[in-house]
There are 2 protein chains.
Amino acid sequence: MPRMGSAPTTNRAVMHDVARLAGVSHQTVSRVLNGHPHVRETTRERVMQAVRQLNYRPNALARGLVSKRSRSIGVLSFDASLYGPSSALLGIQRAAQEQRYAVTVVTLSQQDPGGVQRAAGMLAEQSVDGVIVIAPSNAAAHAIQDLPPGLPTVALEASFSKDMPVVVVDQFAGARLATEHLLRLGHQTVWHVAGPADWPEAVLRIEGWRAALSAGRLAGPPLLAGDWSARSGYQAGRQIAATPGITAVFVANDQMALGVLHALHEAGIKVPEQVSVVGFDDMPEAEFFHPALTTVRQDFDEVGRSGLRTMIEMLDGSAPVAAEARVAPSLIVRASTGSPA
Amino acid sequence: MPRMGSAPTTNRAVMHDVARLAGVSHQTVSRVLNGHPHVRETTRERVMQAVRQLNYRPNALARGLVSKRSRSIGVLSFDASLYGPSSALLGIQRAAQEQRYAVTVVTLSQQDPGGVQRAAGMLAEQSVDGVIVIAPSNAAAHAIQDLPPGLPTVALEASFSKDMPVVVVDQFAGARLATEHLLRLGHQTVWHVAGPADWPEAVLRIEGWRAALSAGRLAGPPLLAGDWSARSGYQAGRQIAATPGITAVFVANDQMALGVLHALHEAGIKVPEQVSVVGFDDMPEAEFFHPALTTVRQDFDEVGRSGLRTMIEMLDGSAPVAAEARVAPSLIVRASTGSPA
DNA sequence: TACGGTCCAGAAACCGTTCTCCGAAATCCG
DNA sequence: CGGATTTCGGAGAACGGTTTCTGGACCGTA
C-alpha cells in the first residue's frame with residue numbers, strides 16, 4: 001500500500017512541492033534548475049517563483065546518487081598543524097567555494113599506517129568526485145600510492161608520484177635564492193639546517209643549497225638536521241653557536257629559524273652582525289622575529305588554488321594525467337642578513 | 001523497457017553484487033551490515049566473506065538519502081588562518097574521525113555579509129547532520145543567528161548565542177591568571193594590549209585584566225588596541241616603549257606579544273628586566289620568542305573535541321539545548337616575566 | 001484539410017540504500 | 001506427530017533527484 005501523502009515530518013521543500021506550487025511536473029522543475037532547453041519562458045518564471053517562495057534547495061545526496069557527480073572533493077592532509085599544509089588547505093577551500101564545490105577534509109598523521117586506507121575508504125564512501133592529497137613527506141607520498149585507482153587524485157607538495165598530477169613550490173629554486181643571497185653578501189660559505197630527510201622538500205632545499213655552493217666552487221659544510229620544529233632549530237642553533245667561524249646559515253623553515261635565532265641570542269651572538277640567518281616559508285610572524293627574518297616566500301594559497309584547478313580539469317575530462325605545476329618562490333630580504341664583518 | 005543488467009561502467013561493487021555472491025538478497029546484506037538481529041550466524045559469515053572479497057563499501061549518499069542521517073557534520077569557520085580557529089578545527093577533525101563522522105568544512109571571512117547564508121545553504125544541501133560554528137567575533141556570532149533553525153548547531157569560541165550550546169575557553173579566568181602573575185611579581189600596575197573590541201574573547205580578557213587590577217585596588221591604565229596581528233602588536237609596542245614607567249604588559253595573544261617584544265627590543269628596552277610581557281594562546285613558537293614568552297595556554301584541541309561531543313549528544317537526542325562548556329586555561333611561566341627593578 | 005517538424009512537458013525508469021511488511025522454514029510444545 | 005511460535009530472509013516501497021522516452025500542441029506548407 002503506498003503511503004498516503006501526509007504529515008511532513010520535516011519542513012524542507014522538495015522538488016515535488018515546487019512542481020505542485022508551480023503547476024508543473026517535477027521533471028520540468030529539474031529542467032529549469034539545470035538550465036535545460038525546451039522550457040517556455042513563462043513556465044520557467046513560474047517555477048523560479050515557486051523555488052524562491054518555498055526557499056527550495058535541491059538535495060545534493062539525491063542528485064549525486066543518480067548523476068554520479070557529487071560536486072564535492074575530498075582533501076587528505078598530513079601534518080595539518082604545520083604552516084605549509086594548513087595554508088594549502090585554506091587555499092583549496094577558498095578556491096572550492098568559488099567553484100561551488102564542497103570540501104570534505106580528513107587529516108592524518110603519517111604515523112598511522114592503516115590510516116590512508118581508512119581515510120580513502122571514507123572519502124570514497126562519501127562519493128567525492130576526487131581527492132587532493134597534501135603529502136609533503138615521503139611516508140605520506142608513499143602511503144597514497146595505494147589510493148583506489150579509479151579515484152581522480154591530485155597531490156600537493158609531493159615530489160614523487162606514480163601517475164597523478166602534482167603541484168609543488170620550486171624548492172630547489174628557493175634554496176638557491178636563499179644561498180646565493182648570502183654568498184652575494186660576501187659570506188665565505190653557508191651552513192644549512194635541514195628538515196627531516198624523509199621530506200622531499202627538505203631534500204630539494206639541500207640540493208638547491210649545494211647547487212648554489214658548488215656554483216661558487218665551495219664545498220658544503222656538514223649538514224645540521226632538524227624536524228621543522230622551533231625546538232629542533234634551537235638545538236641546531238646551539239651547535240652553530242659552539243662552532244667558531246660560521247657567518248651564514250640557511251635554515252629550511254621559519255620555525256626552525258626562530259629556534260636558531262633564539263639559541264644564537266642566548267649565546268650572545270649578534271644577528272646579522274656575526275651570523276646571518278635566512279629562513280623559508282615567510283610565515284606572518286617572520287617579519288617580527290628578532291631580528292626580522294630574511295626568508296623565502298612560498299605562495300601556499302596559490303598551491304591550493306592550483307591544485308583545485310587541476311582537479312577540476314581532470315574531472316572535466318581535459319585530464320593532464322601526470323603533469324606537474326610548479327609555483328615560483330621569492331626571496332624576502334629583511335634584517336637578519338648582512339655582509340660579514 | 002527495463003535496462004538489461006550489463007556493462008558495469010564502474011567497478012565498484014554495490015550491495016546487490018554482494019548479495020548475489022553470498023547467495024542472499026540485498027536486504028539480508030543490509031541487515032548484516034547494520035547489525036540487525038534475525039540473521040543466522042552462517043549467513044552472516046557468508047555475507048561478510050563476500051563483502052571482503054568484493055571490497056564492498058556502502059554508498060553513503062544512498063544511505064543518507066533514505067535514512068536521513070548522513071553521518072557527516074559541517075564546520076563553519078571564520079578567520080581560519082588564525083591560530084585558535086585553525087587549532088579548534090583540527091580538534092574537531094580528530095574527534096570526528098574517531099567517531100567515524102565525515103567533516104565538510106566551509107571557511108568564511110566575516111567581511112562577507114551574505115556568506116553565512118550561502119555557506120549554510122551549501123551545508124544544508126549536503127545534508128549534514130549538524131553544524132559546528134567557529135565564531136570568535138561578534139560579527140560572526142551575529143551572522144550565525146540566522147542559520148536555518150532546524151539544523152542542530154554548536155558554537156565554538158562564541159560568547160553570545162541565542163539558543164545553541166557553546167564551548168569556550170574561560171578567557172576571563174585566563175586573563176586574571178596572567179594579570180595576577182604580574183602583580184604577584186611586584187609590578188605596580190599592568191598594561192594591556194587588547195584584541196579587537198568586536199571579539200568577545202578580547203572583551204573578556206579585558207574584563208579579566210580589569211578584575212585582577214581592581215582586586216588590588218588599582219585603576220587600569222589606558223587600553224592599547226590591536227587586531228591580533230604581530231604588526232598591530234608592534235605598533236602597540238612602540239607606544240609602550242615611548243611611555244615611561246611601564247613595567248608590565250599583558251598582551252591578548254602571542255602574535256601581538258611577538259610584535260611588542262620586537263618593538264621593545266628595537267627601542268633598547270630589556271625584557272623582562274625593564275618590562276615584563278605575558279601573552280595568550282601558547283602557540284608552539286612562543287617558547288622560542290626572545291625571550292621565551294610567559295603565556296596562557298588554551299587547549300583548542302579540547303575545545304574542538306568537546307564541541308563534537310556536544311554535537312553528537314544533540315544528534316543522539318540527549319540534547320543540552322543551550323548549555324555552555326567551559327575549558328580551563330593555564331598559565332605557562334617562561335622568561336619574559338620577572339620582578340620589577 | 002492533411003502532414004511533417006519543433007517546442008513543451010509529463011510518465012516512468014533508475015541510482016543504491018533502508019525499512020516495513022510477509023511468507024516460509026525451523027523450533028518448540030503438548 | 002500436529003499446530004503455535006519463533007527465526008530467517010525475500011519482495012517491494014520509499015528517499016529525492018536526473019534522464020530517456022513519449023506524446024500533445026502548435027506551426028508552416030502543399
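Chain letters run A, B, ... following the sequence lines, proteins first and then strands; every chain starts at 1.
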Could you go over nucleotides 18-20 of chain D and give all protein N or O partners under 3.5 Å, atom names and distances?
residue, atom, partner, partner atom, Å
D:dT18, OP1, A:Asn34, ND2, 3.2
D:dT18, OP1, A:Arg63, NH1, 3.3
D:dT18, OP2, A:Ser30, OG, 2.6
D:dT18, O4, A:His26, NE2, 3.2

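Note: CG (B:Leu61) to C1' (D:dC15) measures 12 Å, nearest angstrom. The distance from atom CD of A:Glu41 to atom P of C:dA9 is 11 Å, rounded to the nearest whole Å. Across the protein-nucleic acid pair, B:Glu125 atom CD and D:dG16 atom C1' stand 13 Å apart, rounded to whole Å. In this structure, the CZ atom of B:Arg69 is 14 Å from the C1' atom of C:dT18, given to the nearest Å. With rounding to whole Å, B:Arg57 atom CZ is found 17 Å from C:dG16 atom P. Taking atom NE2 on B:His38 and atom C1' on C:dC21, their separation rounds to 14 Å, with Å as the unit. The nearest whole Å value for the distance from the NE2 atom in A:His16 to the P atom in C:dG10 is 11 Å. Residue B:Arg71 contributes atom CZ, which lies 16 Å from atom C1' of C:dT17 at whole-angstrom precision.
For D:dG17, one of the phosphate oxygens OP1 or OP2 lies less than 4.0 angstrom from a side-chain nitrogen or oxygen of A:Tyr56. In this model, the phosphate group of D:dG16 is approached by a side-chain N or O of B:Lys68 to a distance below 4.0 Å at OP1 or OP2. Contact check, A:Thr28 against C:dC8: no side-chain N or O comes under 4.0 Å of OP1 or OP2. For B:Ser25, a side-chain nitrogen or oxygen approaches OP1 or OP2 of D:dG10 to under 4.0 Å.
Scanning all heavy atoms of the two residues, the minimum distance from B:Leu147 to B:Thr153 falls at CD1-CG2, 3.9 Å. Between A:Val106 and A:Ala119, the shortest heavy-atom contact is CG1-CB, 3.7 Å.
The pair B:Glu302-B:Arg309 counts as a salt bridge, with a side-chain nitrogen and a carboxylate oxygen less than 4.0 angstrom apart. Salt bridge absent: A:Glu125 and B:Arg12 never bring a charged side-chain N and a carboxylate O closer than 4.0 Å.
Between D:dC8, C:dG10, D:dG17, one nucleotide has an atom nearer to the side chain of B:Arg40 than all others, and that is D:dC8.
When the nearest nucleotides of DNA chain D are assigned to B:Val39 and B:Leu65 by heavy-atom distance, the more 5′-ward of the two goes with B:Val39.
The main-chain N or O of B:Thr107 is found under 3.5 Å from a side-chain atom of A:Gln97 such that the two form a donor-acceptor pair. Formation of a donor-acceptor pair under 3.5 Å by the B:Arg71 side chain with backbone atoms of B:Gln99 is found in this model. Here the side chain of A:Asp129 pairs a donor or acceptor atom with the backbone of A:Ser70 at under 3.5 angstrom.
A:Ala22 meets the side chain to side chain contact (heavy atoms under 4.5 Å, CB included) test with A:Val24, A:Val47, A:Ala50; sequence neighbours excluded.
The shortest side-chain heavy-atom distance between B:Asn59 and B:Val14 does not fall under the 4.5 Å cut-off.
Defining each end axis of the helix from C:dT1-D:dA30 to C:dG30-D:dC1 as the rotation carrying four pairs' C1' atoms onto the next four, with five pairs an end, the two axes are found to diverge by 50° to 10 degrees.
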